[in-house]
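Here is the structure we will look at, set down as structure tokens.
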Number of protein chains: 2
Amino acid sequence: MATTPAKAPAPDKRRLILDAAVRVFARRGFNQCRVADIADEAGVAYGLVYHYFRSKDQVLSTLFEERWNVMVEVIEQVDEQELAAREKLRTVAGFIFESYRHDPDLMKVIIVEVTRAANSFGRTHLPEIRLAYDGIARIVAGGVQSGEFRDVVTPSFAAMAFYGAVEQVLTGWIFADEAIGAVEFEGAKDAIVETICGGLNG
Amino acid sequence: MATTPAKAPAPDKRRLILDAAVRVFARRGFNQCRVADIADEAGVAYGLVYHYFRSKDQVLSTLFEERWNVMVEVIEQVDEQELAAREKLRTVAGFIFESYRHDPDLMKVIIVEVTRAANSFGRTHLPEIRLAYDGIARIVAGGVQSGEFRDVVTPSFAAMAFYGAVEQVLTGWIFADEAIGAVEFEGAKDAIVETICGGLNG
DNA sequence: AAGCTGTGACTGACCGGTCAGTCAGCGGGT
DNA sequence: ACCCGCTGACTGACCGGTCAGTCACAGCTT
């Protein structure tokens with residue numbers, strides 16, 4: 001056998017626990033679920049959760065950081081491209097909606113349990129959360145500088161409005177009971193940009 | 001004594017408990033605080049909380065319903081007036097921001113613990129929450145009908161974007177450590193309307 | 001190739017603390 | 001002398017986190 005044989009699929013219990021936690025947190029909420037629920041869902045012994053993670057909190061934090069870092073990076077990469085600010089915003093909205101389409105449970109957990117939890121994880125992860133807001137604000141600022149956007153509102157305010165609108169659409173989907181169709185996903189991206197950039201006025 | 005004498009200030013312990021609960025929920029969060037904290041804050045015996053409320057949950061539900069009903073009513077009344085849709089939206093945003101200015105703790109609790117709690121109170125109070133969204137959507141629909149607004153996005157989508165932006169601004173204030181100045185309060189109302197109605201495009 | 005040993009991933013019974021909710025009774029007003 | 005608003009010690013369930021122990025396996029020795 002070589003040093004890294006990879007003959008068998010290799011269970012990777014840590015990943016198993018993380019994935020199970022997403023499902024359990026999404027289903028019952030972080031506070032309502034038990035560590036035993038995570039272990040059961042992962043088909044793993046209770047104690048193994050504590051072998052890989054210091055605490056229940058750390059499981060959620062890991063989940064959040066993994067995903068949020070990707071988003072922050074995407075926002076930065078988009079901004080570096082040679083694109084109209086409006087197109088950049090469309091790409092960012094598209095990425096976020098696509099993240100939800102790809103893994104609704106994970107996005108639900110991140111939004112409900114971290115991004116909006118002003119008394120627990122939200123406070124803890126504020127700096128990382130702000131990184132994303134700042135990135136969006138930079139895109140808007142670029143748009144203002146190039147003359148594409150009007151200079152009526154501060155970039156960071158516009159970023160808030162943009163991100164708030166995106167998150168509210170996501171929240172609507174999270175609260176909805178039926179699955180969301182492909183049409184809604186596609187439409188949402190354009191509708192957000194149309195609303196925030198074009199405005200409602202006729 | 002008459003039926004409602006009001007000779008002495010009347011302690012009204014129920015109100016005392018409700019007001020104390022707002023402070024405690026805002027400070028530590030609903031899940032992190034103990035019923036004993038509420039009783040202590042109110043200067044009242046532990047058991048009295050259970051004299052007036054069936055459960056800890058019911059305390060929060062009462063708080064939410066009291067305030068949310070007022071908001072839904074305001075939205076409806078605004079819509080009945082002879083005003084441009086844009087002005088109606090400005091009034092609604094103004095009311096929400098003013099609610100925060102008047103009692104930040106209460107708004108924080110309502111937003112963080114109910115409006116955005118997809119796994120607990122949010123689910124329970126979904127019908128009431130939707131009443132507000134629907135009211136805003138009706139204002140937008142009126143604007144489209146009168147030709148004031150373009151017909152590019154469904155009214156309920158526009159309502160989501162509007163309310164999402166408002167809530168995100170509020171969230172920013174909630175997460176902020178320093179107090180918010182009067183200038184910010186006044187400016188926010190106009191900035192929201194400028195962003196959502198006017199749009200960013202130059 | 002058979003035995004021996006060290007390693008660490010993995011297990012799950014258990015513990016100690018915490019807390020929502022109960023209830024027996026007190027005391028001031030009428 | 002009877003309410004009844006009010007009290008707060010108490011209880012029982014629950015749950016996060018611990019830790020003593022198991023076992024599969026890799027590598028060494030003979």
Pairs under 3.5 Å (N/O, protein and nucleotides 15-18 of chain C):
none

Checklist entry - Once you round it to whole Å, what is the distance between P of C/dG21 and CD1 of B/I38? => result 10 Å
Could you pull out the protein-nucleic contacts involving nucleotides 24-28 of chain C (nitrogen or oxygen on both sides, under 3.5 Å)?
none

Checklist entry - Given B/F121, which of B/F30, B/W68, B/F64 fulfils the ring-ring contact (aromatic ring centres under 6.0 Å, His included) condition? => result B/F30
Item to check | Separation of D/dC14 P from A/N31 CG (nearest whole Å) | outcome: 17 Å
Item to check | Stepwise salt bridge (charged side-chain N to carboxylate O under 4.0 Å, His left out) test for A/R123 and B/D177 | outcome: CA-CA 11 Å; A/R123 273 249 119 74; B/D177 297 312; 3.7 Å; yes
Checklist entry - Whole-Å distance between D/dC6 C1' and B/D12 CG? => result 14 Å
Next on the checklist: Show, in sequence, the C-alpha distance, side-chain angles and deciding distance for B/M71 and B/S99, and conclude whether the side chain to side chain contact (heavy atoms under 4.5 Å, CB included) test is met.
Outcome noted: CA-CA 9 Å; B/M71 194 173 97; B/S99 293; over 6 Å; no
Next on the checklist: Using the rule given for salt bridge (charged side-chain N to carboxylate O under 4.0 Å, His left out), can you reason through A/K56 versus A/E113, listing the C-alpha separation, both sets of side-chain angles and the distance that settles it, and then say yes or no?
Outcome noted: CA-CA 13 Å; A/K56 186 187 172 192; A/E113 308 290 352; over 6 Å; no
Checklist entry - Which parts of residues 40-60 of chain B get close to DNA chain C, meaning a heavy atom less than 4.0 angstrom away? => result B/Y46, B/Y50, B/S55, B/K56
Checklist entry - Which atom names give the shortest non-hydrogen contact between A/P155 and A/V140, and what distance separates them? => result CA-CG1, 3.8 Å
Checklist outcome for this item: From CZ of B/F30 across to C1' of C/dC19 the rounded distance in Å is 12 Å
